[in-house]
Amino acid sequence: QVQLVESGGGLVQSGGSLRLSCVASGRTLRNYGVGWFRQAPGKEREFVAVISWSGGYTDYTDSVKVRFTISRDNAKNTVYLQMNSLKPEDTAVYYCAADRSNTVHTAEHEYDYWGQGTQVTVSS
């Protein structure tokens, strides 16, 4: 069993920055890939970013490339999402998810554990 808790969301103006954190407990995340997803009101949940266990591989959806950076600290069982140059269209609930397959995926159905989400709101 893995429990994931996101934090760091909030209200920011367009162009601002936030850093989201995802802390895992219950078991080690060794060999787990960890991804970030988001869901805006009235829209389906979409992939944002993913990082491999080693941190050596990352991937991002096109709309956040350059602006967002995913990283992890395995000693702390924590994954981060640094979000810069935020836009109103980034407004959503952001979720982290862990994948125990020892591979990297962008599809949400590949992930085994999910956090409760943290709200990010970007004003115009």
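Note that the structure is a prediction, hence the values are computed from the model and not measured.
Note that CD of Gln119 is 11.0 Å distant from CD of Gln39, once rounded to the nearest 0.5 Å. Put simply, CD on Glu46 and OG on Ser63 are 5.5 Å apart, with the number rounded to the nearest 0.5 Å. Going from atom OG1 of Thr58 over to atom CZ of Phe68 covers 14.0 Å, rounded to the nearest 0.5 Å. Distance check: Thr78 OG1 to Arg72 CZ gives 10.0 Å after rounding to the nearest 0.5 Å. Taken from CD in Glu110 to CG in Asp112, the straight-line distance is 8.5 Å, to the nearest 0.5 Å. To the nearest 0.5 Å, atom CG of residue Asn31 and atom OG of residue Ser54 are 10.0 Å apart.
In this structure, the side chains of Ser21 and Ser7 come closer than 4.5 Å at one or more pairs of heavy atoms. Looking at Arg19 and Leu81, their side chains never come closer than 4.5 Å, going by heavy atoms from C-beta outward. Using a 4.5 Å cut-off on side-chain heavy atoms (C-beta onward), Asn77 and Val23 make no contact. Counting only heavy atoms from C-beta outward, the side chains of Pro88 and Ser123 never approach each other to under 4.5 Å. You'll find the side chain of Arg38 stays beyond 4.5 Å of the side chain of Tyr95, heavy atoms only.
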Q. Between Val12 and Thr121, is a side-chain contact (heavy atoms from CB on, under 4.5 Å) present by the stated rule, with each step listed?
A. CA-CA 6 Å; Val12 297; Thr121 302; over 6 Å; no

Q: Begin with the C-alpha distance, continue with both residues' side-chain angles, and end with the deciding distance and a verdict on side-chain contact (heavy atoms from CB on, under 4.5 Å) for Val34 and Asp99.
A: CA-CA 6 Å; Val34 176; Asp99 169 18; over 6 Å; no

**Q.** Intermediate values then yes/no, side-chain contact (heavy atoms from CB on, under 4.5 Å), Thr106 and Asp59
**A.** CA-CA 8 Å; Thr106 60; Asp59 195 17; 3.8 Å; yes

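The hydrophobic clustering, which links ILVMFWY residues whose side-chain heavy atoms are closer than 4.5 Å, places Val64 and Tyr80 apart. In the hydrophobic clustering of this structure, Leu4 groups with Tyr94; members are Ile, Leu, Val, Met, Phe, Trp, Tyr whose side-chain heavy atoms approach within less than 4.5 Å, directly or through other members. Under a hydrophobic clustering in which Ile, Leu, Val, Met, Phe, Trp and Tyr are joined whenever their side-chain heavy atoms come within less than 4.5 Å, directly or via other members, Ile70 and Tyr113 fall into the same cluster. In this structure, Val5 is not a member of the same hydrophobic cluster as Val93, with clusters built from ILVMFWY side-chain heavy atoms closer than 4.5 Å.
A salt bridge is absent between Lys87 and Asp90; no separation between the charged side-chain nitrogens and carboxylate oxygens falls under 4.0 Å.
Taking the centre of each ring, Trp114 and Phe37 come in below the 6.0 Å mark. Proximity of the aromatic rings of Tyr60 and Phe47 is defined here by a centroid distance below 6.0 angstrom, and this criterion is not met.
Between the side chains of Ser17 and Asn84, at least one donor-acceptor pair of N or O atoms lies under 3.5 Å. When only modelled atom types and interatomic distance are considered, Arg100 and Tyr32 share no side-chain donor-acceptor pair under 3.5 Å.
For the side-chain contact (heavy atoms from CB on, under 4.5 Å) test with Leu20, the passing option among Met83, Glu6, Gln82 is Met83; the others fail.
Looking only at distances, a side-chain donor or acceptor of Asn74 sits under 3.5 Å from a matching main-chain atom of Trp53. Side chain of Ser52 to backbone of Tyr57: a donor-acceptor contact under 3.5 angstrom is found.
Nearest heavy atoms, Gly8 versus Thr118: N-OG1, 4.2 Å. Of all the heavy atoms in Trp36 and Cys22, the pair that sits closest is CZ2-CB, 3.7 Å.
Heavy atoms from other residues, nucleotides or ligands lying under 6.0 Å from CD of Glu89 number more than 12.
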